[in-house]
Amino acid sequence: MATTPPPPQAPPKPTWDPRSAAPFPWLRPTIRIRLTLLYGGMFLIAGILLLSIIYLLAANALNVGSDLPFQIVSGQVSSDICHLRSDRLPADELNRSLNDCVNEQRQHALDSLLSRSLLALLGLAVIAFAFGYAMAGRVLSPLGRITRTARAVAGSDLSRRIELDGPDDELKELADTFDDMLERLQRAFTAQQRFVGNASHELRTPLAINRTLLEVHLSDPNAPVELQQLGKTLLATNERSEQLVEGLLLLARSDNQIIERKPVDVAEVATQAIDQVHAEAEAKGVRIRGERKPAVVQGNGVLLERIALNLVQNAVRYNVAENGWVEVTTDVQHGQAILVVSNTGPVVPAYEIDNIFEPFRRLRTERTGSDKGVGLGLSIVRSVARAHGGHISAQPREGGGLVMRVSLPV
């Protein structure tokens with residue numbers, strides 16, 4: 001008899017969330033900012049080198065520090081700029097004073113040239129950075145379209161396409177490749193949805209027929225005891241198969257993002273889950289406690305109720321024989337709705353925590369082999385939590401049992 005293969009594992013959740021905003025968005029080292037700094041910095045360096053060369057050439061042309069091309073033999077010269085003495089001076093001292101005066105004027109001219117050139121360079125640098133920022137934004141605009149399309153696809157809108165126009169360059173090649181990938185993904189998801197629908201019908205129908213036939217035969221009071229016992233065994237096996245099919249179908253559906261969302265109070269769904277498990281808990285002598293504060297999230301109420309139901313059922317079923325308890329609490333912390341289900345139970349090694357979230361895996365067992373479930377409860381919980389943008393974690397309790405913590409965005 002062929003065994004049903006386990007459903008494919010959900011892809012790991014990306015560590016980078018494009019919706020998360022940095023505390024200072026303008027400090028984020030985007031490609032646009034880096035290109036702007038690169039182009040502006042290169043222009044600034046080139047301007048400084050050009051200004052230095054012009055300054056050296058001008059200084060060499062003015063020949064700073066050289067003597068006058070003429071000599072004054074005698075006479076009197078006055079100047080308000082160089083502050084020359086007005087009295088009659090000897091020829092050597094007069095020539096030296098005039099030479100110092102001319103050199104000072106030349107140095108003033110070079111300083112004025114340098115200061116004005118630096119102001120002009122500063123203005124051109126500002127213009128260059130602004131122009132580089134605008135050009136970088138224009139060049140990188142196709143990447144913005146690719147990013148927006150990727151975000152839309154992350155919300156399960158596989159019908160979106162980039163359809164980038166323009167020259168046949170590297171960005172257009174990237175956009176076309178991304179469109180081809182989306183086309184293949186859409187076909188794959190469509191085929192998966194069609195398969196889930198067909199499997200739902202093909203698997204549920206014969207199981208429902210078998211259950212009806214077994215119930216009819218079991219209702220016959222004249223049936224032999226051996227036949228009734230066999231019918232009850234087959235009915236229990238059929239019920240287990242129905243649970244397995246429902247779990248597989250729910251696991252396949254919950255791997256996708258939830259598109260239609262409505263306000264759901266996690267405390268309310270947790271209370272409903274406790275009501276459904278209350279009779280089983282009383283039969284096993286397990287006491288359910290905990291404070292449930294309102295925690296409203298946007299999501300699918302049926303799937304969120306399945307999270308609470310599976311966690312509470314596992315906490316009740318995998319518990320101690322006497323004086324067992326299950327604590328169910330809900331709260332809102334740091335913008336997250338928190339559902340915590342902790343219980344008494346057997347000691348769980350920390351290295352086995354990851355195995356309990358895998359389909360058909362249990363502690364110390366490879367395949368399902370008990371009457372406590374079909375081995376898909378925690379896999380469904382993790383899949384539904386991911387579909388709502390949340391996550392689940394498990395920690396061993398001191399003294400035995402587990403602490404299951406589900407975080408969902410408010």
Side-chain angles (χ1 to χ4, degrees), residues 10 243-244 246-258 260-284 286-319 324-345 348 353 356-359 362 372-397 401-410:
Q243 293 177 0
L244 177 61
E246 291 293 337
L248 289 173
L249 294 177
L250 180 60
L251 183 63
R253 288 196 302 265
S254 60
D255 277 337
N256 298 326
Q257 291 286 331
I258 306 300
E260 296 183 0
R261 297 173 180 260
K262 297 180 179 179
V264 180
D265 191 353
V266 179
E268 182 180 353
V269 298
T271 303
Q272 293 179 358
I274 292 174
D275 293 339
Q276 297 181 48
V277 188
H278 184 71
E280 184 178 356
E282 284 189 345
K284 294 180 64 67
V286 176
R287 181 167 54 92
I288 301 179
R289 66 189 187 189
E291 181 182 4
R292 290 170 291 280
K293 299 180 181 179
V296 180
V297 300
Q298 298 293 326
N300 185 290
V302 176
L303 294 180
L304 291 176
E305 183 179 348
R306 181 57 67 110
I307 288 182
L309 180 61
N310 287 0
L311 292 179
V312 176
Q313 279 183 343
N314 283 351
V316 170
R317 293 173 181 177
Y318 297 91
N319 214 304
W325 54 262
V326 175
E327 186 175 30
V328 183
T329 62
T330 59
D331 198 0
V332 177
Q333 300 176 0
H334 308 292
Q336 299 279 327
I338 307 299
L339 169 65
V340 179
V341 179
S342 55
N343 70 317
T344 53
V348 180
I353 291 297
I356 63 178
F357 292 103
E358 299 298 329
R362 285 201 186 93
K372 295 181 179 180
V374 295
L376 290 173
L378 293 181
S379 300
I380 293 174
V381 170
R382 183 179 62 176
S383 181
V384 173
R386 286 179 175 177
H388 285 80
H391 67 278
I392 180 174
S393 60
Q395 292 181 350
R397 260 191 80 256
L402 288 173
V403 177
M404 311 295 294
R405 180 185 178 91
V406 180
S407 301
L408 300 171
V410 176

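Keep in mind that the numbers below use all heavy atoms, side chains included, and drop hydrogens, waters and symmetry copies. On a predicted model such as this, the values are computed, not experimentally measured, just so you know.
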So how far is it from [X] [atom1] to [Y] [atom2], rounded to the nearest 0.5 Å?
| X | Y | atom1 | atom2 | answer |
| --- | --- | --- | --- | --- |
| Arg397 | Leu402 | CZ | CG | 9.5 Å |
| Arg289 | Ile274 | CZ | CD1 | 12.0 Å |
| Met404 | Asn314 | CE | CG | 7.5 Å |
| Leu309 | Gln276 | CG | CD | 5.0 Å |
| His388 | Ser407 | NE2 | OG | 14.0 Å |
| His391 | Arg386 | NE2 | CZ | 11.0 Å |

Mind listing the closest non-hydrogen atom pair of [X] and [Y] along with its distance?
| X | Y | answer |
| --- | --- | --- |
| Val341 | Ala315 | CG1-CB, 3.9 Å |
| Ala308 | Ala270 | CB-CA, 3.9 Å |
| Ala337 | Val297 | CB-CG1, 3.3 Å |
| Asn319 | Gly324 | OD1-CA, 3.5 Å |
| Ala394 | Ile356 | CB-CD1, 4.2 Å |
| Val348 | Gly401 | CG2-O, 4.2 Å |

Task: More than 12 heavy atoms from other groups under 6.0 Å of CD on Glu280 - done: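 Buried by this count: over 12 neighbours within 6.0 Å.
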
Open item on the list: Would the distance check show the side chain of Ser383 and the main-chain N or O of Ser379 forming a donor-acceptor pair, the cut-off being under 3.5 Å?
Closed with: no

Open item on the list: Has Asn343 got a side-chain atom pairing as donor or acceptor with Tyr318's backbone, closer than 3.5 angstrom?
Closed with: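 Yes, because the side chain of Asn343 sits within donor-acceptor range (under 3.5 Å) of the backbone of Tyr318.
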
Open item on the list: Just to verify, which of Ile338, Val266, Leu339 counts as forming a side chain to side chain contact (heavy atoms under 4.5 Å, CB included) with Val406?
Closed with: Leu339

Using distance only, find each side-chain donor-acceptor pair of residues 325-334 under 3.5 Å and give its atom names and separation, not counting sequence neighbours.
unit_1: Thr330; atom_1: OG1; unit_2: Lys293; atom_2: N; d: 3.0
unit_1: Thr330; atom_1: OG1; unit_2: Lys293; atom_2: O; d: 2.8
unit_1: Gln333; atom_1: OE1; unit_2: Arg405; atom_2: NH2; d: 3.1

Open item on the list: Between Leu311 and Ile392, does the side chain to side chain contact (heavy atoms under 4.5 Å, CB included) criterion hold? Intermediate values first, please.
Closed with: CA-CA 11 Å; Leu311 292 179; Ile392 180 174; 4.1 Å; yes

- [ ] Step by step, work out the side chain to side chain contact (heavy atoms under 4.5 Å, CB included) result for Arg306 and Asn310.
- [x] CA-CA 6 Å; Arg306 181 57 67 110; Asn310 287 0; 3.2 Å; yes

- [ ] Indicate yes or no: at least one non-hydrogen side-chain atom of Leu304 is less than 4.5 angstrom from one of Ile307.
- [x]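 Yes - at least one pair of side-chain heavy atoms lies under 4.5 Å apart.
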
